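Predicted model, so just to flag it, every value in this text is computed and none were measured. A note on names: the letters A, B, ... follow the listed sequences, proteins ahead of strands, and every chain is numbered from 1.
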Protein chains: 2
Amino acid sequence: MKVQAAHEPVRAALEREGARSLGRVEQVDVYFDAPHRDFAARDEALRLREETDAEGTTTALTYKGPKVDDTSKTRQEFETTVGSRGEMQAALSALGFEPAATVEKTRERFELDGIVVSLDTVSGLGEFVEAEAEATEADIEATREAVAAVLSRLDLDPEAQIRRSYLGLLLDD
Amino acid sequence: MKVQAAHEPVRAALEREGARSLGRVEQVDVYFDAPHRDFAARDEALRLREETDAEGTTTALTYKGPKVDDTSKTRQEFETTVGSRGEMQAALSALGFEPAATVEKTRERFELDGIVVSLDTVSGLGEFVEAEAEATEADIEATREAVAAVLSRLDLDPEAQIRRSYLGLLLDD
């Protein structure tokens, strides 16, 4: 779940609630178009993410399937690290998958009650707060409630959630 | 360049010529079909390789483009390691790329004059010797000649080269 919110009051609330800092990362996401499908129409995405933190830079490839319910942003995801961003992007291009958009953000992560809360500053969009957790098919509803509860503890309104991705928001501009 | 040949005499020739052993690996290659192209007709391939040697197991994804000349097996290749074979295969499957065939082999590698010579034992096909080197577009012909020369030094006939891949040979059976 993601809401648009200025970070300073949320930072104070995270401290008050005893959240644990997980550090800060820069992420550059390249989203690809498919040669044989309309990813946007099918609510799918293929992303190559370069992430830089205090430890260094890593790259991951992620496939995101369509949302599995109407109330949260839960999706089926498959993700793996890749050793070479350049070779992966060249292979995708040779297969007909072309870069469609790039999303750059700084993400500061915290952990509260097993939920990961991210303070995201997105180039061209501004400040957002995202709360997320991994769910199995059986506990999607319970997980969704736990995530909403954490947003409420941070004085944020789960009802104000933005279901669009940063990519979608950027493409709307 | 690849020829079908019993390994024992080649092993003796490699020792005589002073080749350097590079060790032994087991490779399990899964080749994928594309949802939007006939890879076989276009002479392309997408392969997920699990390789196990004395150091452990690694996985790599490789895209192979069509052969760039008629006399060697030179292709454009893009390759990267991937952290999780399972996630990569699941992502490919979600994108419509399905496993088409599996090739299992044991490969014993040697180096001679900068050329890598592999003694390959392929499940279902038998023993082969492959000599290969990396080439830029400018030196493809010179590299091809150097590779052929190494085969000749090992008492193998470069003219007997098999241009089909193990995958192609297996699918013919």
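Linking Ile, Leu, Val, Met, Phe, Trp and Tyr whenever their side-chain heavy atoms come within less than 4.5 Å leaves A:V28 and A:V122 in two separate clusters. Linking Ile, Leu, Val, Met, Phe, Trp and Tyr residues whenever their side-chain heavy atoms come within less than 4.5 Å leaves A:L22 and A:V117 in two separate clusters. No continuous path of hydrophobic side-chain contacts links A:L170 to A:V30 [ILVMFWY only; heavy atoms under 4.5 Å]. Transitive grouping of hydrophobic side chains (ILVMFWY, heavy atoms separated by less than 4.5 Å) keeps B:V116 and B:F128 in distinct clusters. Residue B:L112 is grouped with residue B:L119 when hydrophobic side chains (ILVMFWY) are merged at heavy-atom distances under 4.5 angstrom, including chains of intermediate members.
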Just list the donor-acceptor pairs under 3.5 angstrom between chain A and chain B, please.
| from | atom 1 | to | atom 2 | distance (Å) |
| --- | --- | --- | --- | --- |
| A:H36 | NE2 | B:L95 | O | 2.8 |
| A:R37 | NH1 | B:A94 | O | 3.0 |
| A:R37 | NH2 | B:A94 | O | 3.0 |
| A:E79 | N | B:E87 | OE1 | 2.7 |
| A:T80 | OG1 | B:G83 | N | 3.0 |
| A:T80 | OG1 | B:S84 | N | 2.8 |
| A:T81 | O | B:G83 | N | 2.8 |
| A:T81 | OG1 | B:G83 | N | 3.3 |
| A:G83 | N | B:T80 | OG1 | 3.0 |
| A:G83 | N | B:T81 | O | 2.8 |
| A:G83 | N | B:T81 | OG1 | 3.4 |
| A:S84 | N | B:T80 | OG1 | 2.8 |
| A:E87 | OE1 | B:E79 | N | 2.8 |
| A:A94 | O | B:R37 | NH1 | 3.0 |
| A:A94 | O | B:R37 | NH2 | 3.1 |
| A:L95 | O | B:H36 | NE2 | 2.8 |

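Contacts between B:L95 and chain A at a heavy-atom distance below 4.5 Å involve backbone atoms as well as side-chain atoms. With a 4.5 Å cut-off on non-hydrogen atoms, B:A34 does not touch chain A at all.
Legend: ring pair (Phe, Tyr, Trp, His ring centres under 6.0 Å) pairs involving residues 133-154 of chain A, not counting sequence neighbours: none detected.
The residue among B:G96, B:A91, B:G86 with the most heavy atom pairs within less than 4.5 Å of chain A is B:A91. Put simply, of B:L61, B:L46, B:L92, B:V82, the one with the most heavy-atom pairs under 4.5 Å next to chain A is B:V82.
Of all non-hydrogen atoms in A:F78 and B:A90, the two that sit nearest each other are CD2-CB, 3.3 Å.
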